[in-house]
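Here's the structure, in structure tokens; my notes come after.
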Amino acid sequence: MQPRWPSSAPAPQSTSTLPPWTLRPRTRLAAWLRDPEAPKVIHGFKAALKALTARGLELEGVVDDTSISGYLIQPDRRTYELAELAQHHLNVGIPAATAKAGQLELSFDGDDNAAADALVQAAAVVLALSRFFEDELRERRAEELLSTLELPVSRVLADMELAGIAIDMDKMDDQLADLARVIDQAQEQAFAAIGHEVNLGSPKQLQTVLFDELQLPKTKKIKSGYTTDAASLKSLLEKTGHEFLVQLMAHREAAKLRQMIESLKKSVAEDGRIHTTYAQNVAATGRISSNNPNLQNIPIRSEEGRRVRGIFVVSDGYECLLSADYSQIEMRIMAHLSGDAGLIQAYKDGEDLHRFVGSNIFHVPTDQVTSAMRSKVKAMSYGLAYGLTSFGLSKQLEISVDEARTLMKDYFDRFGAVRDYLRGVVDQARVDGYTATIEGRRRYLPDLTSTDRQLRENAERIALNSPIQGSAADIIKRAMLGVHAELQAQGLKSRMLLQVHDELVLEVAAGERDSVEKLVTGQMAAAADLSVPLEVQIGVGPSWYDAGH
DNA sequence: CCCGATCTATG
DNA sequence: CACATAGATCGGGT
């Protein structure tokens with residue numbers, strides 16, 4: 001009996017990013033856990049025990065029903081460990097597993113019994129191995145984060161995945177038909193503009209058309225020549241007014257939307273709903289990611305794209321969809337973390353932050369801040385949390401580097417605490433080797449001391465951003481726990497469906513609208529105790545489009 | 001059939 | 001020469 005990690009194996013490396021392995025699908029896992037008659041558990045577990053023993057691994061502690069499920073619902077830990085297993089090229093004894101180099105995949109395409117068995121076996125493996133990682137968990141001071149935040153959130157996510165969101169198939173088909181018309185026409189006119197056909201979806205062929213045939217001015221260089229991205233096409237159009245560009249851009253946008261809707265259509269389950277899968281262990285900052293399909297990047301910025309949100313609808317028995325989002329949460333976190341008195345007061349006073357900042361750095365009264373000034377300020381304020389450079393700002397705003405530099409200087413002259421904070425974060429991270437969020441979630445950044453300038457500066461920008469983005473992730477996770485618990489406590493039938501980083505989408509049961517609105521606002525606002533208030537905006541409507549604000 | 005490159009959607 | 005993601009398509013290489 002060898003309960004130790006194989007001595008030949010290298011020690012697990014501490015990495016800043018948790019590996020992207022997921023034990024899927026959580027929807028079935030959640031359903032299985034809720035299944036009152038799940039006697040197959042015991043059978044599968046015994047088989048797992050045997051498989052483990054055969055490989056010289058030992059299970060410690062209580063190995064009854066309770067402790068099995070206890071580990072089954074620890075996806076963060078579970079996936080981390082399975083990934084480690086893969087790194088060590090160990091066969092975990094799961095029949096459906098295929099272990100390539102550096103990769104381990106669990107497949108549950110069989111019947112439910114097989115799926116359950118595989119899950120239980122995976123759980124047994126995790127149970128056997130979890131203690132190898134307890135040291136690292138302790139080292140990272142992450143026990144509380146895991147037990148009070150991530151694990152409870154995991155259960156909430158399981159509910160959300162299982163619920164899914166209803167889809168209006170007719171509306172979907174209408175939009176597809178509309179887009180097909182736009183695409184056909186744009187393609188036809190694009191071909192007419194250059195006198196021949198070309199694959200509009202091939203950047204390489206487009207390069208030939210734009211820069212060889214049409215002799216348009218050169219755009220930004222990329223590995224394969226010159227870029228044909230949207231920003232460049234737009235600037236080319238402004239310079240040349242060429243009809244081909246108009247049609248190409250129209251084609252790109254419509255084709256992209258059609259593709260997205262087609263893909264969403266394929267994701268609609270038997271129940272007429274889309275069930276995404278959330279991952280807690282992919283984004284290094286602590287954000288949740290969504291895949292299969294990704295419901296966190298449904299268009300909103302252009303009106304054409306935004307209409308896609310109209311296909312996400314409220315279902316029978318419910319009154320409406322409700323969208324609740326944090327207003328400027330990252331800026332507020334920056335105000336809080338930096339302790340900048342001016343910013344904090346502005347938020348406390350409920351001012352329009354960008355207008356307020358604009359008035360300060362342009363030295364005009366707030367009512368004389370033009371929309372051009374405001375949008376510059378907005379771009380800069382957001383950029384600060386990304387490690388903005390004057391060059392980057394100049395490109396973003398299409399202004400000179402000098403103007404951008406002046407803008408930043410004026411900002412820091414007025415809000416010095418922000419500059420000090422940003423500088424301090426990087427210095428501290430260099431000393432500690434990691435950054436931390438308000439909940440203590442760490443991101444290790446070994447590259448901060450690299451001699452490679454590119455690597456080091458990348459790490460520095462990551463160090464600036466991670467506490468901010470990560471703290472926002474912490475906060476909305478706390479809010480989700482609060483909303484989930486409070487819905488239950490008040491015996492409401494409304495339910496959370498989606499999370500989009502700073503937004504929650506709920507399906508409101510008949511007659512519950514007022515209480516849900518109050519509850520969600522309250523829980524989101526109270527999810528963290530910052531030196532600035534957390535404001536929550538609410539919208540309701542029959543579809544996600546209508547609930548937007 | 002895999003994978004890097006390119007492009008684009010979101011916060 | 002901005003932070004964090006997911007994913008489609010193209011086209012060259014295995």
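Protein chains get the first letters and strands the later ones, always in sequence-line order, with residue 1 at the start of each.
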Problem - Any donor-acceptor pair under 3.5 Å from A:R309 side chain to A:I298 backbone - result: yes
Between [options], which nucleotide has the shortest distance from any of its atoms to the side chain of [X]?
| X | options | answer |
| --- | --- | --- |
| A:P203 | B:dG11, B:dT6, C:dA6 | B:dT6 |
| A:N458 | B:dA9, C:dA4, C:dC3 | C:dC3 |
| A:T285 | B:dG11, C:dG11, C:dA4 | C:dA4 |
| A:I222 | C:dA8, B:dC7, B:dG11 | B:dC7 |
| A:Y386 | C:dC3, C:dG11, C:dA4 | C:dC3 |
| A:N291 | C:dC10, C:dG7, B:dT10 | C:dG7 |
| A:N292 | C:dG7, C:dA2, B:dA9 | C:dG7 |
| A:K395 | C:dA4, C:dC1, C:dT5 | C:dC1 |
| A:Q259 | B:dT8, C:dT9, C:dG11 | C:dT9 |
| A:N297 | B:dC7, B:dA9, C:dG11 | B:dA9 |

Ignoring backbone atoms, establish whether [X] has a side-chain N or O less than 4.0 Å from OP1 or OP2 of [N].
| X | N | result |
| --- | --- | --- |
| A:R287 | C:dT5 | no |
| A:S290 | C:dT5 | no |
| A:R301 | B:dG11 | yes |
| A:K220 | C:dC1 | no |
| A:K256 | B:dT8 | no |
| A:S224 | B:dA5 | no |
| A:R252 | B:dC7 | no |
| A:T228 | B:dC7 | yes |

Mind calculating the distance between [atom1] ([X]) and [atom2] ([N]) to the nearest angstrom?
| X | N | atom1 | atom2 | answer |
| --- | --- | --- | --- | --- |
| A:L248 | B:dC7 | CG | P | 11 Å |
| A:L498 | B:dG11 | CG | P | 13 Å |
| A:K477 | B:dG11 | NZ | P | 19 Å |
| A:R258 | C:dT9 | CZ | C1' | 13 Å |
| A:H501 | B:dT10 | NE2 | C1' | 6 Å |
| A:L295 | C:dG7 | CG | P | 10 Å |
| A:L264 | C:dG7 | CG | P | 11 Å |
| A:I475 | B:dG11 | CD1 | C1' | 15 Å |

Handout entry: Of A:Q469 and A:Q454, the one whose closest DNA chain C nucleotide lies more 5'
Key = A:Q454
Practice task
Using a strict 4.0 Å threshold on nitrogen-to-oxygen distance, state whether A:E238 and A:K234 make a salt bridge.
Solution key: yes
Handout entry: Ion pair A:K256/A:E304, N-O distance below 4.0 Å
Key = no
So what does [X] touch, heavy atoms closer than 4.0 Å: a base, only the sugar-phosphate, or nothing?
| X | result |
| --- | --- |
| A:A230 | sugar-phosphate |
| A:I462 | sugar-phosphate |
| A:I468 | nothing |
| A:L257 | nothing |
| A:S289 | sugar-phosphate |
| A:G201 | sugar-phosphate |

Handout entry: N/O donor-acceptor pair, side chain A:Q396 with base C:dA2, under 3.5 angstrom
Key = yes
May I ask you to check whether [X] and [Y] show a side-chain donor-acceptor distance below 3.5 Å?
| X | Y | answer |
| --- | --- | --- |
| A:Q499 | A:Q296 | yes |
| A:T435 | A:S466 | no |
| A:Y226 | A:K220 | no |

Problem - Aromatic ring pairing A:W544/A:F312, orientation class (parallel under 30°, perpendicular over 60°, tilted between) - result: perpendicular
Exercise for the section: Evaluate the ring planes of A:H242 and A:F244, with Trp represented by its six-membered ring, and classify them as parallel (under 30°), tilted (30 to 60°) or perpendicular (over 60°). Expected result: perpendicular
